[in-house]
2 protein chains.
Amino acid sequence: MARTAGSFGGVTGPRVLSTAQRLFARHGYAAVSMRQIASEVGVQAGALYNYIPDKQSLLFDLMRTHMDEVLQAWEDEPHPTGDPLAELEAFTRFHVRFHLERREAVFIAYMELRNLDPENLEALLARRKAYEESLTDILRRAKAARLVSISDPKVAAYGVIAMLTGVQTWFKDGGDLSREKVADIYWEMTRGAVGAMRG
Amino acid sequence: MARTAGSFGGVTGPRVLSTAQRLFARHGYAAVSMRQIASEVGVQAGALYNYIPDKQSLLFDLMRTHMDEVLQAWEDEPHPTGDPLAELEAFTRFHVRFHLERREAVFIAYMELRNLDPENLEALLARRKAYEESLTDILRRAKAARLVSISDPKVAAYGVIAMLTGVQTWFKDGGDLSREKVADIYWEMTRGAVGAMRG
DNA sequence: GTCTATATCTCGATAGAC
DNA sequence: GTCTATCGAGATATAGAC
């Protein structure tokens with residue numbers, strides 16, 4: 001019956017991932033050593049290799065998992081279909097909410113692309129492209145229905161996503177604005193940016 | 001008369017800076033070694049220390065210089081005063097143009113804040129804040145004159161700057177869109193995002 | 001599953017010859 | 001001003017005992 005301390009429920013593995021995520025987000029992948037991660041997990045550096053093959057895999061696992069969760073979360077998000085503007089509002093609020101809920105993972109996903117091996121980079125960019133495409137598709141249909149005044153749905157999608165993602169660089173809980181209120185503001189800005197009719 | 005090869009016109013010093021800028025932008029500060037920089041400059045690692053006291057100073061010099069140049073360039077940029085919407089258009093076009101002209105420096109300025117020593121970070125954030133404030137000020141006056149529909153000039157400034165800066169993540173020269181045309185699109189999106197009257 | 005110990009390598013920075 | 005040589009530290013990853 002007796003088992004090794006760390007194996008109860010398999011807590012060490014997940015702790016390696018969450019600790020690495022926190023440290024990578026705070027100091028950057030290249031600036032964080034395996035010894036630092038091990039130290040915060042509470043094991044020796046060598047023990048990490050029971051859970052991950054190497055440092056690069058650790059980074060890629062975090063980034064791939066994050067992107068898969070974003071894609072899955074948007075797929076699962078209840079949102080209307082058939083009304084492009086309603087879809088755009090749902091996407092905007094979803095993106096702001098999700099990016100405020102997962103700030104560490106979001107930060108890593110945007111900052112550490114350069115540190116991915118070529119094949120890992122390719123895999124990650126494919127997922128990012130799929131996510132961007134879900135917004136571009138909404139904007140394309142909105143344009144076709146003459147609900148927005150944009151000329152280039154792809155460029156508009158880049159602009160909107162950059163604007164929305166930026167919320168995580170300044171927002172602080174406990175300030176003047178609630179997350180709800182911030183989402184309202186960003187939806188107002190998004191609606192304006194794409195030239196949607198006010199209604 | 002004879003001087004050491006590298007000292008003619010003092011070319012090595014600037015080359016250290018430009019090489020470091022290129023490498024930091026491409027691979028990240030922490031991932032680039034002094035030996036790499038020296039190798040691309042064409043000298044041995046030890047020779048770098050004739051031009052810079054240490055690696056951290058090299059990073060800070062690049063970032064501080066960039067921010068000072070942004071601030072100076074906007075100050076020198078001919079733009080109307082007194083008409084907040086005309087100022088906003090000038091700022092938008094200036095920001096897009098400048099950020100496409102200095103992509104390496106811009107990239108570093110946004111990605112390497114975490115690698116600055118505390119006192120250097122403070123100095124850099126003060127400059128960034130001053131730049132953001134020049135946009136916030138425009139938006140505040142535009143709001144006072146009821147030319148825009150935003151509720152919070154500070155949040156609107158964050159949103160606009162994030163949207164505009166994002167142009168450097170996707171724009172490629174030689175594609176379907178010229179820089180001029182891209183600036184037109186971003187001005188259209190900015191005008192909409194702040195809820196400016198169409199005129 | 002974690003430990004200690006270590007192999008192998010690279011890092012930033014310095015010293016001193018020329 | 002650049003070189004060679006090197007110091008001391010810290011890096012990733014592995015081996016083998018328990």
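Every chain is numbered from 1, with letters handed out A, B, ... down the list of sequences.
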Checklist entry - Under the 6.0 Å and 45° cation-pi test, does Arg128(A) pair with Tyr110(A)? => result yes

Item to check | Of the listed nucleotides dG1(D), dG1(C), dA13(C), the one nearest the side chain of Asn50(A) | outcome: dG1(C)

Checklist entry - At under 4.0 Å between heavy atoms, what does Val32(A) touch on the DNA or RNA strands: base, sugar-phosphate, or nothing? => result sugar-phosphate

Checklist entry - Does a nitrogen or oxygen in the side chain of Thr12(A) sit under 4.0 Å from OP1 or OP2 of dG1(C)? => result no

Next on the checklist: Among dT12(D), dG12(C), dT2(D), which nucleotide has an atom closest to any side-chain atom of Tyr49(A)?
Outcome noted: dT12(D)

Checklist outcome for this item: Quick note, Ser33(A) side chain, CB onward, closest among dT12(D), dC3(D), dC3(C) is dT12(D)

Item to check | Side chain Arg35(A) and base dG10(D) donor-acceptor under 3.5 Å | outcome: no

Next on the checklist: Under 6.0 Å from the ring centre and within 45 degrees of the ring axis: does the NZ or CZ of Arg64(A) meet both conditions for the six-membered ring of Phe60(A)?
Outcome noted: yes

Checklist entry - Under 6.0 Å from the six-membered ring centre of Tyr131(A) and within 45° of its axis: does the NZ or CZ of Lys129(A) meet both? => result no

Next on the checklist: Does the Lys NZ or Arg CZ of Arg114(B) fall within the cation-pi geometry relative to Tyr29(B) - under 6.0 Å from the ring centre and within 45° of the axis?
Outcome noted: no

Checklist entry - Taking only side-chain nitrogens and oxygens of Gln44(B), does any of them come within less than 4.0 Å of OP1 or OP2 of dT4(D)? => result yes

Checklist outcome for this item: To the nearest angstrom, the CG-C1' distance between Asp54(B) and dT14(C) comes to 13 Å

